[in-house]
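Heavy-atom basis, side chains included; hydrogens, waters and symmetry copies ignored. These figures come from a predicted structure and were not determined experimentally. Here, residue 1 is the first one in the sequence, and each next residue gets the next number.
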Amino acid sequence: MGIKILRVAEVALDSRLAGSEAVYTYAADPDTQVGQARFVPLGPRRTLGYVIAVREILEQELGFPASALRPLAERVEGLDLPLAVIDLLHEVSRQTLTPLSVCISACTPPGVRDRLVTQWEPTGQADAALTPALAETLLALNDKPIVQGKGRSVPPAVLRHLRALEKQGLARKVTHLLSSREKNRSSTQLRLTSDTAKVEEFLRKSAKKKPAQALTVMRLQGSEASALEMEEIKALAQVSEATVKALLAAGLLEPVEAGDAVRGEAPNPNPAQAAAIAAISQAVSQRDSVNFLLYGITGSGKTEVYLRAAEATLREGRQVLYLVPEIALTAQVIAQLRARFGARVAVLHSNQSPGERLESWARVKRGEAPVVLGPRSALFAPLHDLGLIVMDEEHEGSYKQETAPRYHTKRLARFLAERHACPLVLGSATPSVETFWEAEHDSVRRLDLPVRANPQARLPEITVLDLTSGYRKGQPALLDPALQDALAETLAREEQAILFLNRRSYAPFVVCRDCGHRFECPQCSVSLSLHRRANQLRCHQCNHHALAPEECPQCQGTRLGAFGAGTEKVEEAVAALFPQARVARLDRDIARRKGALEE
């Protein structure tokens with residue numbers, strides 16, 4: 001008995017449809033390749049999956065009878081994933097110990113099933129006589145392909161005839177992704193008015209009455225020169241079309257024809273910027289997967305370095321991935337990228353509607369948008385030839401995915417840089433400890449931007465005060481005398497002051513002065529914070545709370561001391577020092593109270 005070799009495909013299905021371990025084996029046809037989107041039979045139904053491996057095995061290695069091996073169904077054209085994305089999928093699974101079927105959802109665009117169209121086409125002429133019905137169907141196919149999809153039903157009888165022709169090799173069905181380019185789309189874009197006085201007046205007088213409109217305006221501030229489509233504005237600000245139209249009617253948004261968008265003139269880089277641009281551009285041209293830390297103070301022109309490096313990458317015919325930590329930051333970055341690269345920029349983020357996100361994904365896949373901008377999910381864009389990866393504000397915690405697969409963007413970005421042989425630029429004014437350590441030990445190359453890009457811009461003066469000096473003099477004070485004087489001078493000029501403290505409550509812990517008992521959360525074993533206004537002790541981990549005690553539960557002593565300072569205590573101290581001033585506190589306790597922000 002001869003050895004039988006089988007060609008099989010491993011297909012990953014979405015875990016929400018087929019279970020958490022949904023990677024199944026199917027018989028592969030000669031055209032099967034890794035990355036293809038294929039329909040596959042799953043029990044009595046068909047579902048969409050992605051080929052993640054193709055291999056040849058001996059029949060006895062299959063683990064079940066070869067007769068039970070089911071074949072792949074048709075391929076979906078326009079939905080294939082590049083090999084680099086499949087490699088990234090395996091890397092995510094390896095790093096996070098997450099099943100491939102769970103990871104695949106991060107790589108695939110939403111709303112695919114509603115945008116698939118099946119087209120029946122003839123493949124040849126009949127050699128033998130056909131029944132009249134089949135002959136008529138084949139004649140119709142030769143005249144015009146028959147299209148089947150959402151809103152385009154095919155009569156059951158015709159569908160039976162088409163399947164019969166398919167079995168005889170006279171017809172085939174091709175499934176592809178319907179592009180929104182086939183729909184009529186408006187060429188008009190919108191931008192925030194350049195009349196800053198009008199914008200400020202609206203925010204001052206109407207923000208409380210029209211919060212959605214005010215939020216939209218604030219999201220677009222700083223990007224007045226950039227034109228965005230209505231769908232992009234809706235996604236960035238999370239508002240309805242009615243809100244955008246209201247701003248348009250009020251003159252706060254202005255229509256701009258797509259061809260009339262203003263292209264900004266690139267500023268001349270200073271010597272430090274020029275050195276950074278040259279180093280990154282050289283790595284791009286040499287296909288060097290070096291990691292850079294672009295370490296520059298706020299306003300030092302890191303964005304201009306990114307844009308110049310992106311220009312060099314596009315000249316090489318390669319693609320750019322520009323990652324930002326938050327969707328809220330995207331509007332300003334879109335403005336800068338669109339001003340430099342126009343329609344070659346695609347934006348990918350979770351606030352987009354499924355249709356808009358799918359269309360952006362498809363533009364990247366077709367090569368129409370070689371510059372991709374987005375938060376961590378943009379890592380999985382269908383890019384096949386990355387030349388540069390930018391990770392702005394690399395220290396931000398939002399680069400860590402909190403749900404499965406729980407990946408760290410920086411680690412995956414480094415994998416992509418190695419996979420595509422391209423540089424990774426980590427930008428920050430306050431780098432993470434691990435990145436700074438790597439830069440100090442030469443595993444990451446550090447590029448410094450020590451001065452601000454605008455020579456007229458001045459850094460604020462920073463004074464470090466030793467608060468223990470008051471204790472040594474026997475005059476402890478929550479606010480240092482130098483700070484008190486600065487506040488008094490500010491108020492005398494009728495100006496405002498902001499005091500920041502990263503601790504809410506009145507005091508972070510309460511201790512009995514008699515026996516030393518410390519009040520702790522019974523569930524978390526951390527100190528309970530005193531909230532004097534609510535007269536409660538609260539746990540800031542699990543939200544356990546109880547009335548503030550009047551005596552110690554251990555010794556029944558009444559000398560309880562609240563130690564440390566929170567925002568409530570600072571508010572109390574400032575109000576006591578400056579009774580004529582209006583003092584307002586804003587922390588989580590205040591912000592969560594309905595209507596508090598309008599007071």
Side-chain angles (χ1 to χ4, degrees), residues 222-223 225-226 263-316 318 320-325 329-330 332-341 345 371 373 386-396 399 409-410 413-414 417 422-464:
S223 58
S226 178
R263 294 294 179 90
E265 186 174 338
N268 293 323
N270 60 36
Q273 287 176 305
I277 293 164
I280 299 169
S281 300
Q282 183 180 29
V284 171
S285 62
Q286 294 179 350
R287 291 183 172 265
D288 188 354
S289 58
V290 62
N291 288 193
F292 292 102
L293 169 61
L294 188 61
Y295 181 39
I297 59 175
T298 303
S300 59
K302 293 188 289 293
T303 302
E304 183 59 28
V305 174
Y306 302 149
L307 296 178
R308 295 272 185 159
E311 286 177 347
T313 305
L314 295 179
R315 284 196 297 270
E316 296 276 340
R318 304 179 73 188
V320 177
L321 176 60
Y322 193 130
L323 299 171
V324 292
L329 298 177
T330 311
Q332 285 73 27
V333 184
I334 289 176
Q336 293 161 326
L337 289 174
R338 288 266 171 83
R340 201 68 61 91
F341 306 119
V345 179
V371 180
L373 168 68
L386 261 177
L388 174 67
I389 304 173
V390 171
M391 190 171 165
D392 196 21
E393 306 296 342
E394 64 87 25
H395 60 278
E396 286 286 347
Y399 278 123
T409 302
K410 191 188 303 181
R414 282 176 169 162
C422 72
L424 166 64
V425 181
L426 306 170
S428 179
T430 55
S432 60
V433 172
E434 62 268 25
T435 301
F436 199 80
W437 185 91
E438 289 171 332
E440 291 291 300
H441 291 77
D442 298 327
S443 55
V444 170
R445 184 176 169 187
R446 180 168 150 181
L447 303 172
D448 287 350
L449 300 179
V451 297
R452 289 199 163 182
N454 182 356
Q456 278 73 46
R458 292 191 305 113
L459 287 172
E461 291 184 17
I462 298 175
T463 304
V464 179

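Across all non-hydrogen atoms, the minimal contact from Leu294 to Ala276 is CD1-CB, 3.9 Å. Listed here is the closest heavy atom pair of Gly387 and Pro423: O-CD, 3.3 Å. The minimum heavy-atom distance between Arg446 and Ala439, with the atom names listed, is CB-CB, 4.2 Å. The two residues Phe341 and Leu307 make their nearest non-hydrogen contact at CZ-O, 3.6 Å. Considering all non-hydrogen atoms of both residues, Val345 and Arg338 come closest at O-NH2, 4.0 Å. A pairwise comparison of heavy atoms in Ser289 and Ala417 identifies CB-O, 3.4 Å as the closest pair.
Taking the side chain as every heavy atom from C-beta outward, Leu321 and Val390 never approach each other to under 4.5 Å. At least one side-chain heavy atom of Glu304 sits under 4.5 Å from a side-chain heavy atom of Arg340. Proximity of Asp392 to Tyr306: side-chain heavy atoms (C-beta onward) are separated by under 4.5 Å at one or more points. Residues Lys410 and Leu426 meet the side-chain proximity criterion, which asks for heavy atoms closer than 4.5 Å. Looking only at side-chain heavy atoms (C-beta outward), Asn291 and Ser443 stay at 4.5 Å or farther from each other. Looking only at side-chain heavy atoms (C-beta outward), Pro450 and Ile297 stay at 4.5 Å or farther from each other.
With values rounded to the nearest 0.5 angstrom, Arg445 atom CZ is found 9.0 Å from Asp288 atom CG. Here CG of Asn270 is found 13.0 Å from CZ of Arg452. Values are rounded to the nearest 0.5 Å. The CZ atom of Arg308 sits 9.5 Å away from atom OG of Ser281, with the distance rounded to the nearest 0.5 Å.
Pairs engaging residues 441-463 under the ring-ring contact (aromatic ring centres under 6.0 Å, His included) rule: Trp437-His441 [sequence neighbours left out].
With sequence neighbours excluded, the residues forming a ring-ring contact (aromatic ring centres under 6.0 Å, His included) with Phe436 are Tyr295, listed by chain and number. Shown here are the salt bridge (charged side-chain N to carboxylate O under 4.0 Å, His left out) partners of Arg414, two or more places apart in sequence or in another chain: Glu438. For the side chain to side chain contact (heavy atoms under 4.5 Å, CB included) test, residues two or more places apart in sequence or in another chain that qualify with Thr430 are His395, Ser428. For the side chain to side chain contact (heavy atoms under 4.5 Å, CB included) test, no residue two or more places apart in sequence or in another chain qualifies with Ala275. Residues that satisfy the side chain to side chain contact (heavy atoms under 4.5 Å, CB included) test with Thr313, not counting sequence neighbours, are Val284, Arg318, Val320, Leu388.
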Just do the side-chain hydrogen bond (donor to acceptor under 3.5 Å, both in side chains) check on Ser432 and Glu394 with the steps written out, would you? CA-CA 7 Å; Ser432 60; Glu394 64 87 25; 3.3 Å; yes

As a quick check of understanding, evaluate side-chain contact (heavy atoms from CB on, under 4.5 Å) for Val444 and Phe292, giving each step before the final call. CA-CA 6 Å; Val444 170; Phe292 292 102; 5.7 Å; no

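Remark: the backbone N or O of Leu323 is paired with a side-chain donor or acceptor of Tyr399 at under 3.5 angstrom.
Here the rule is side-chain contact (heavy atoms from CB on, under 4.5 Å) with Leu293, and of Thr435, Val425, Leu424 only Thr435 fits it.
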